[in-house]
Amino acid sequence: QVQLVESGGGLVQAGGSLRLSCAASGRTFSSYAMGWFRQTPGKEREFVAAISRNGGSTYYSDSVKGRFTISRDNAKNTVYLQMNSLKPEDTALYYCAGKYVGAFNSAYVSGGSYEYWGQGTQVTVSS
């Protein structure tokens with residue numbers, strides 16, 4: 001089992017940047033595919049980005065492609081989401097998620113694929 005704790009959210013002006021971090025407990029972080037999702041009140045949870053266990057594969061939603069970058073440091077048990085050129089429509093509660101994959105180097109875009117979720121960190125982008 002793994003526990004996930006997000007940090008790095010906050011209030012930023014449009015065009016600004018934030019870096020979210022997700023720290024995972026446990027010693028097998030490198031066996032987990034990771035993802036970032038976001039949700040606003042009244043809307044369904046939305047896929048943002050995903051990364052395979054070794055970082056070799058990454059996927060992005062069309063809405064963030066070219067602006068956001070997902071990365072991971074397995075030595076630090078942490079996955080990151082670098083968010084640049086932020087827009088007001090990026091305002092949401094951002095969650096990181098983990099899925100045990102063992103030795104498979106796959107990334108997953110469906111929230112239903114993930115077993116573990118953090119509590120979320122709020123990102124607010126002002127216009």
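- Summarising the geometry of G9 relative to T121, their closest heavy-atom pair is N-OG1, 3.1 Å, with the distance given to 0.1 Å.
- The shortest heavy-atom contact between Y95 and G118 is CD2-O, 3.5 Å.
- Below 30°, between 30° and 60°, or above 60°: for Y94 and F68 the angle between ring planes is between 30° and 60°, a tilted geometry.
- Partners of S85 by side chain to side chain contact (heavy atoms under 4.5 Å, CB included), not counting sequence neighbours, listed by chain and number: R67.
- With rounding to the nearest 0.5 Å, the separation of OG in S17 from CG in L86 is 6.0 Å.
- By the criterion of side-chain heavy atoms lying less than 4.5 angstrom apart, applied directly or through intervening Ile, Leu, Val, Met, Phe, Trp or Tyr residues, M34 is not grouped with Y108; the two fall into different hydrophobic clusters.
- Follow the hydrophobic side-chain contacts under 4.5 Å out from W117 and you never reach L81; the two are in separate clusters.
- Each of V5 and Y32 belongs to its own hydrophobic cluster when Ile, Leu, Val, Met, Phe, Trp and Tyr are linked at side-chain heavy-atom distances under 4.5 angstrom.
- Atom-to-atom distance recorded for K87:NZ and S127:OG is 14.0 Å, nearest 0.5 angstrom.
- Annotation: side chain of D90 is not in contact with side chain of M83 (no heavy-atom distance under 4.5 Å).
- Counting heavy atoms from C-beta on, the side chains of D73 and Y80 come closer than 4.5 Å.
- Within the model, atoms OG of S113 and CZ of F47 stand 10.5 Å from one another, a figure rounded to the nearest 0.5 Å.
- For S106 (side chain) and F104 (main-chain N/O), no donor-acceptor pair under 3.5 Å exists by modelled atom type.
- Few gaps surround CD on E89; more than 12 heavy atoms of other groups in view lie less than 6.0 Å from it.
- T40 contributes atom OG1, which lies 10.0 Å from atom CG of L93 (distance to the nearest 0.5 angstrom).
- Nearest heavy atoms, R38 versus V64: NH1-CG1, 3.9 Å.
- Using a distance-only test at 3.5 Å, with no hydrogens or angles considered, no donor-acceptor pair links the side chain of T69 to the main chain of Q82.
- Annotation: side chain of T91 is in contact with side chain of Q122 (closest heavy-atom distance under 4.5 Å).
- Put simply, the side chain of N105 reaches to within 4.5 Å of the side chain of R53, judged on heavy atoms.
- For E6 (side chain) and Q119 (main-chain N/O), a donor-acceptor pair under 3.5 Å exists by modelled atom type.
- One finds the OG atom of S21 at 12.5 Å from the CG atom of L4 (value rounded to the nearest 0.5 Å).
- In terms of heavy-atom proximity, P88 sits nearest to A14 at CD-CB, 4.1 Å.
- Taking both residues in full, the closest heavy atoms of V79 and I70 are given as CG2-CG1, 4.0 Å, listed atom of the first, atom of the second, then distance.
- In the hydrophobic cluster analysis, where Ile, Leu, Val, Met, Phe, Trp and Tyr join through side-chain heavy atoms closer than 4.5 angstrom, V2 is grouped together with W36.
- Taking each heavy atom of A33 and R72 in turn, the nearest pair found is CA-NH1, 4.1 Å.
- Between atom OH of residue Y116 and atom OG of residue S25 there is a gap of 9.5 Å, rounded to the nearest 0.5 Å.
- By the ring pair (Phe, Tyr, Trp, His ring centres under 6.0 Å) test, Y114 is found to be paired with F37, residues two or more places apart in sequence or in another chain being considered.
- L20 and V48 fall within the same hydrophobic cluster, where Ile, Leu, Val, Met, Phe, Trp and Tyr residues are linked whenever their side-chain heavy atoms come under 4.5 Å apart, directly or through other members.
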